Novice: 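Dropping a structure here in structure tokens format, bear with me for questions.
This one's a predicted model, so the numbers in the text were calculated from it and none came from an experiment.
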Amino acid sequence: MPKLEGSVENIVFHNEENQYTVARFRLNDRGRLFRDDLTTIVGVLPGVHPGELLSVEGEWESDSRYGRQLRVESFVQRLPASTDGMIRYLGSGLIKGIGPKKAQAIVDHFGEQTLAIIEQQPEMLRQVKGISSKDSERIEKAWLEQSDIKELHLFLQSHDVSVNVATRVYKQYGRESIRVVRENPYQLAQEVQGIGFRTADDIAVKLGLPHDSIPRLASGLKYVLTRAANDDGHCFLLEDDLLQRASHILQVPQETLQAAMEQLHSEQDVFIEPVPSSISAAQIGPADLTPAVEVHDQGMGDTPASRQQLRIYYGPFWYAENGSMRLLRILQRSPSSLPPTSQKQWEIVFNRLKELRHMELTDRQREAVQVAYQQKVSILTGGPGTGKSTSLRALLMLLRTRKVDFALAAPTGRAAKRMTEATGVQAKTLHRLLEYAPHDNSYQRNEDNPLPYQFVIVDEFSMVDILLFYNLLKALPHTAHILLVGDADQLPSVGPGNVLRDLLRSEALPAVRLMDLFRQARQSQIIVTAHQINSGIVPGLKSAASSDFFFMREDDPYRAQQLIVDLVQKRLPARYHFNAISDIQVLAPMYKGAVGVELLNQCLQAQLNPNAVARVEWADRLFCIGDKVMQTKNNYDKGVFNGDVGFIRRIDKENLIVNVEFAEEAGPLLVEYAFHELDELVLAYAVTVHKSQGSEYPAVVLPLVREHHMLLQRNLLYTAITRAKRFCVLVGQPAALEYAIQNDRVAWRNTGLAERLIQIGHATVQLPG
């Protein structure tokens, strides 16, 4: 295997996710005739920076695009010895805020002693002109981190473990990394972003943990349950399904898993329940009605017994379902803190709304307001244009009149902003309302420190998962009222559970569904079409822009891609005066394919932002000033959340910083990202329909092709169309549209909340008069 020694001249490409790197390498070969020739090296090279000395081993390969290059199998790092190497090393992005200019100043001052000074006497760095105390502290901290990361790399390499996990492990555990990896590698799968069970399992096996050890099997079972929650929204798996999945992943017989299951059960990491035979299909659904099968009775020996199928819950979801049932029961049975209202007072309120606000409520809207005020827990649901916002404004007027302390909330910042605009009252995200603390993943508002409100209203409730719902209920005073507002026909929450549908299906809570379209709403083809689709009716396909909704047929996906770009870049801005970047949002069912999110973003970025004054390539992504971007995970320290959309306003290559402006409910928010944090952002010229939940856009362009058939469902199409405020155009195949409308099969989620709520009993709504 060839072995080369030399220095890293520059990094051509680096993927932060998997540490794959392409670097130009200057060979340390004094006998070479052409000493300026550079060699390309590629491979997993975490923690490598320009200027470093490397010894690399690998295999030569020929790339059709880049020519001859060495694919690195192993490497050893050494610090640079020359002053030029030190300048490149320190100015490479190793230290936030230290770019090439400051690196040059430091090396000019200390010469060949620079790295020794940093390691042994970092306080001397303050002698350098332009280096502040803050700079000195950053350099010292980064130096220690790099030393620890290199030690972690060596430890992992000594156990024949791929080093591409080291940086993420260090980011989570710091100087405790080696101890954590040695004692319990499965902890990585639960706590380190980007490291799944399979990676942790690979580490554990290479560290010598037996293939059939209880810790391995128990971690595997929890992994399967967690993956089912994250990927499919399940709160539980049926026993046979769990054992089959775990057996496949762990490569062990199903009977080997029983001891691990019993341990998890005894430690209350998982909970096991029989499927009640008394629950009907109409109440609970097909996934719960698996016939009894021959299984081993847990904890009772190895004798097969015919019995009901078992539900296996991962602990947090079991507690959330049972806790939600318990707290809803307490809320319903506790006295109200609101002042009583007579029928005469109701008439006064409704007349004042008509006279002062020109709000004449329908009978159904009046019922919604009265139910919300008189019942401790209630639901208001309905599609667009049915008057949910008007009903809310009427309720808020009543609450103000009666001097009731209330709060408005929504799951996301975008939804909270929309709620504020619709009601004229400031709304918060649920995380801010509950005072989420990111350092320990907890909420400061809970049963011991409840919210100071008599009434809480939550909008876009279809987006709330079972864990967030449970934490919301824990924070409510027992005397408070809560109104849950949402459209049950939209896509369910990204997280586990299907809370709004379960609440409605159980009939355990009073609910008012608004059905009638108001005259103004009937003038919008967007709203009319959305309701037709929700009813299973294929709308008339308009090919001309005679209304705010039309369909453009294009059977070829790649020509559809070109048409979408042309619509966004030229046609819609020219005819309707939309801003191509800020007003028009492309939504797509999937990431892959010719009209998937990934390719559409590349095409739209190239056409809409071709002449950006500054740009940065990070991992496999290109970001430019002016780009529309989306945050892909909750970052509570920065105050931005998964799905938030902003615009890149500044790229500072000297200090390795990107500034992104987000529109928040309280106004514009400028957020700073270090280059190494850019993996939290993606381009957002096109986003998935799931990511659009809770948002509203002036114009929506939606591709529909049969290659996306796996996700073409009625509720997805309905959700996408109802994101459009002023204009919506569908591009693609009529057959794909018909397929989506006919496919009313909502992806089933294993939840037990509806069943538990049935135990509360059907609520009786008492209306005056």
Side-chain angles (χ1 to χ4, degrees), residues 414 417-418 524-526 542-554 557-589 591 593-616 621-631 643-651 658-663 668 681-689 691-692 694-705 720-732:
R414 297 161 293 152
K417 184 179 179 183
R418 286 183 60 197
S524 167
Q525 282 302 307
I526 294 173
K542 296 180 173 62
S543 58
S546 58
S547 70
D548 57 3
F549 175 93
F550 67 99
F551 184 95
M552 298 188 72
R553 177 169 183 162
E554 181 51 71
Y558 284 96
R559 287 199 297 269
Q561 176 196 98
Q562 296 168 7
L563 176 55
I564 289 168
V565 173
D566 189 49
L567 282 166
V568 175
Q569 182 188 12
K570 298 177 181 177
R571 297 195 197 183
L572 297 182
R575 179 155 187 169
Y576 300 99
H577 308 293
F578 290 123
N579 182 294
I581 297 178
S582 60
D583 290 342
I584 304 172
Q585 184 62 59
V586 178
L587 303 180
Y591 285 98
V595 286
V597 166
E598 294 176 355
L599 278 179
L600 284 171
N601 267 319
Q602 293 177 23
C603 296
L604 289 166
Q605 181 191 44
Q607 295 300 317
L608 299 180
N609 195 19
N611 302 313
V613 294
R615 57 186 61 204
V616 58
R621 301 167 188 167
L622 172 67
F623 294 108
C624 308
I625 287 181
D627 274 343
K628 180 158 63 171
V629 293
M630 175 179 281
Q631 175 78 12
D644 285 351
V645 173
F647 297 88
I648 295 178
R649 298 305 186 200
R650 180 170 172 262
I651 295 176
V658 171
N659 293 111
V660 180
E661 181 182 303
F662 293 92
L681 296 175
V682 294
L683 293 176
Y685 298 100
V687 302
T688 63
V689 179
K691 289 287 189 182
S692 73
S695 295
E696 191 174 63
Y697 313 102
V700 163
V701 179
L702 175 70
L704 286 176
V705 295
I721 291 173
T722 54
R723 300 308 92 204
K725 188 174 182 179
R726 292 164 47 196
F727 193 86
C728 181
V729 54
L730 309 186
V731 176

Novice: Would you mind listing every salt bridge (charged side-chain N to carboxylate O under 4.0 Å, His left out) that reaches into residues 597-608, with sequence neighbours excluded?
Specialist: K592-E598
Novice: With rounding to the nearest 0.5 angstrom, report the CG to SG distance, D548 to C728.
Specialist: 8.5 Å
Novice: Distance from L567 atom CG to L572 atom CG, nearest 0.5 Å?
Specialist: 5.0 Å
Novice: Would you please name every residue forming a salt bridge (charged side-chain N to carboxylate O under 4.0 Å, His left out) with R726, sequence neighbours left out?
Specialist: none
Novice: How many angstroms lie between atom CD of Q569 and atom SG of C603, to the nearest 0.5 angstrom?
Specialist: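 So the gap between those two atoms works out to 11.0 Å.
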Novice: Are side-chain N/O atoms of R723 and S695 paired as donor and acceptor at under 3.5 Å?
Specialist: no
Novice: Within the structure provided, determine whether V731 and L704 are in side-chain contact (heavy-atom separation under 4.5 Å).
Specialist: no
Novice: Working note: V682 + V629, criterion side chain to side chain contact (heavy atoms under 4.5 Å, CB included); need CA distance, chi angles, decisive distance, verdict.
Specialist: CA-CA 5 Å; V682 294; V629 293; over 6 Å; no
Novice: If you define the side chain from C-beta out and look only at heavy atoms, does anything of P668 sit under 4.5 Å from F662?
Specialist: no
Novice: Working note: L730 + M552, criterion side chain to side chain contact (heavy atoms under 4.5 Å, CB included); need CA distance, chi angles, decisive distance, verdict.
Specialist: CA-CA 6 Å; L730 309 186; M552 298 188 72; over 6 Å; no
Novice: With a 4.5 Å limit on heavy-atom distance, are the side chains of R571 and L563 in contact?
Specialist: yes
Novice: Are F549 and S524 close enough that some pair of their side-chain heavy atoms sits under 4.5 Å apart?
Specialist: no
Novice: As a test of understanding, state which of I721, V701, L702 forms a side chain to side chain contact (heavy atoms under 4.5 Å, CB included) with L587.
Specialist: L702
Novice: Rounded at 0.5 Å granularity, tell me how far CD1 in I584 sits from CG in L608.
Specialist: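 Going from CD1 on I584 over to CG on L608, the span is 8.5 Å.
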Novice: Got a sec, which residues hit side-chain hydrogen bond (donor to acceptor under 3.5 Å, both in side chains) with D627, two or more places apart in sequence or on another chain?
Specialist: Q605, N609, Y685
Novice: Listed by chain and number, what are the side-chain hydrogen bond (donor to acceptor under 3.5 Å, both in side chains) partners of R650, not counting sequence neighbours?
Specialist: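 Residues passing side-chain hydrogen bond (donor to acceptor under 3.5 Å, both in side chains) with R650: D652, N659.
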Novice: List the residues meeting side-chain hydrogen bond (donor to acceptor under 3.5 Å, both in side chains) with K628, not counting sequence neighbours, and say none if there are none.
Specialist: Q585
Novice: Tell me, please, which residues at least two apart from R649 pass salt bridge (charged side-chain N to carboxylate O under 4.0 Å, His left out).
Specialist: E661
Novice: Does the side chain of P703 come within less than 4.5 Å of I564's, by heavy atoms?
Specialist: yes
Novice: Is the distance between the ring centroids of Y697 and F727 less than 6.0 Å?
Specialist: no
Novice: To the nearest 0.5 Å, tell me how far R615 CZ sits from L622 CG.
Specialist: 5.5 Å
